[in-house]
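Worksheet: one structure, shown below.
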Amino acid sequence: MPFSCPLCHAPLSRREKSFVCPQRHQFDLAKEGYVNLLPVQHKRSRDPGDSAEMMNARRAFLDAGHYQPLRDMITDILQVRLSTQATAVLDIGCGEGYYTQAFADIAQQHGAQTLGLDVSKAAIRAAAKRYPQVMFCVASSHRLPFEDCSIDGLIRIYAPCKAEELVRVVKPEGVVITVAPGPRHLMELKGLIYDDVQLHPENSGEIAGFNVEEKQSLAYEMALSGPEAIALLQMTPFAWRAKPEVWEKLTATDEFRCQTDFSIHCLQRES
Ligand SMILES: C[S@@+](CC[C@H](N)C(=O)[O-])C[C@H]1O[C@@H](n2cnc3c(N)ncnc32)[C@H](O)[C@@H]1O
Ligand SMILES: [Zn+2]
């Protein structure tokens with residue numbers, strides 16, 4: 001396991017139910033099987049990341065299959081690009097693990113292990129409970145608790161990150177796959193909230209230290225039931241701005257049509 005100690009950065013070794021470093025900093029496994037590598041002094045708030053409510057909404061929405069075309073596209077890219085010698089795949093900002101599990105199916109074929117990281121404890125707890133094949137940790141993507149050059153494939157779907165940390169942990173010639181919103185992503189949902197809907201700015205996908213190998217976009221229309229549209233709103237930052245009329249309108253709707261537009265980049269670490 002390529003974990004490193006969040007306090008002294010030395011490698012962590014697995015003991016029965018914990019991870020320990022040579023300086024005896026110890027991190028116990030939770031009963032769900034994940035490890036919390038986010039020391040209190042590195043927390044920016046008491047309960048950082050997505051709340052349990054957002055996580056539940058995201059799980060309900062993803063379970064309904066609306067983002068399955070996206071998951072299929074990323075797993076196809078990973079299948080082709082992941083080195084046959086790979087030992088570790090990492091999903092940062094993995095949320096409740098919907099995509100992470102699909103990456104684990106591929107990593108397993110290569111004999112590699114899969115790791116999922118998120119700053120939200122509620123999300124990691126739910127992820128670890130449902131997907132025991134993946135090793136999940138609570139940590140921030142701004143300080144990745146992994147050894148230098150230890151990751152062969154890193155996936156980042158709508159999650160924050162720090163370029164220096166990606167360069168540090170990804171092996172030379174390792175791959176990074178990123179997903180960001182394309183210009184028209186969730187336009188109709190935004191239209192309910194803003195008078196003047198701005199298109200999302202195009203994302204170049206560039207990260208210092210990596211070469212962009214592949215750019216793709218994926219766009220399709222979803223037909224959502226009222227409860228599914230509510231779940232979509234709850235899992236986005238737009239929820240904070242939505243007035244009561246918006247919630248009422250979506251609750252009463254039979255079908256809400258909404259566009260997706262994803263911008264996917266595959267990068268390779270310079271050797
Ligand atoms: C929009 S969600 C995407 C979740 C998942 N990748 C998906 O698409 O279903 C963003 C995720 O990033 C997590 N997050 C936010 N800030 C983070 C940070 N500094 N480090 C790690 N994860 C973070 C949130 O808790 C949330 O689960
Ligand atoms: Zn330590």
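The first residue of the sequence shown is numbered 1, and numbering continues consecutively from there. Atoms within a ligand are numbered from 1 in the order they appear, just like the ligands themselves.
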Please check if the side chain of [X] supplies one atom and the backbone of [Y] the other of a donor-acceptor pair under 3.5 Å.
{"X": "Thr251", "Y": "Trp247", "result": "yes"}
{"X": "Arg184", "Y": "Met187", "result": "no"}
{"X": "Glu165", "Y": "Leu144", "result": "yes"}

Give the residue and atom name of whichever protein heavy atom lies nearest to [atom], and the separation in Å to one decimal.
{"atom": "atom 14 (N) of ligand 1", "value": "Val119 CG1, 3.8 Å"}
{"atom": "atom 11 (C) of ligand 1", "value": "Asp118 OD2, 3.7 Å"}
{"atom": "atom 18 (C) of ligand 1", "value": "Ser141 OG, 3.5 Å"}
{"atom": "atom 6 (N) of ligand 1", "value": "Gly93 O, 2.8 Å"}

Between Glu255 and Arg257, is there a salt bridge with N-O shorter than 4.0 Å? yes
[X] heavy atoms, cut-off 4.0 Å: which ligand 1 atoms fall inside?
{"X": "Ser120", "value": "25 (O)"}
{"X": "Gly49", "value": "25 (O)"}
{"X": "Ile157", "value": "3 (C), 6 (N), 8 (O)"}
{"X": "Ser140", "value": "18 (C), 19 (N), 20 (N)"}
{"X": "Leu62", "value": "9 (O)"}
{"X": "Gly95", "value": "27 (O)"}
{"X": "Pro160", "value": "15 (C), 16 (N), 17 (C), 18 (C), 19 (N)"}

If you round to 10 degrees, what value do you get for the angle at the Zn ion (ligand 2) between Cys8 atom SG and Cys21 atom SG? 110°
Does the pair Arg269 and Leu166 meet the rule for a side chain to side chain contact (heavy atoms under 4.5 Å, CB included), with working shown? CA-CA 9 Å; Arg269 170 98 158 79; Leu166 300 191; over 6 Å; no
Do you know which N/O/S atom name in His25 is closest to the Zn ion (ligand 2)? ND1
Under a heavy-atom criterion of less than 4.0 Å, does [X] contact ligand 1?
{"X": "Ala123", "result": "no"}
{"X": "Tyr99", "result": "yes"}
{"X": "Ala139", "result": "yes"}

Out of Met235, Arg58, His142, who gets a non-hydrogen atom closest to atom 1 (C) of ligand 1? Arg58
Under 2.8 Å: N/O/S of Cys5 next to the Zn ion (ligand 2): yes
Do you see a donor-acceptor pair shorter than 3.5 Å between the side chains of Asp105 and Gln101? yes
Give a yes-or-no answer on whether the side chains of Thr87 and Asp152 include a donor-acceptor pair shorter than 3.5 Å. yes
Tell me whether the rings of Phe3 and Phe19 are parallel (<30°), tilted (30 to 60°) or perpendicular (>60°). perpendicular
Distance flag, aromatic centroids of Tyr98 and Tyr67, threshold under 6.0 Å: no
How long is the gap from NE2 on His142 to SG on Cys161, to the nearest 0.5 Å? 8.0 Å
Linking I/L/V/M/F/W/Y whenever any side-chain heavy atoms sit under 4.5 Å apart, do Val179 and Ile207 land together? no
pair Leu12-Leu37: side-chain heavy atoms closer than 4.5 Å: yes
Counting both backbone and side chain atoms, is some N or O of Tyr158 under 3.5 Å from an N or O of ligand 1? no
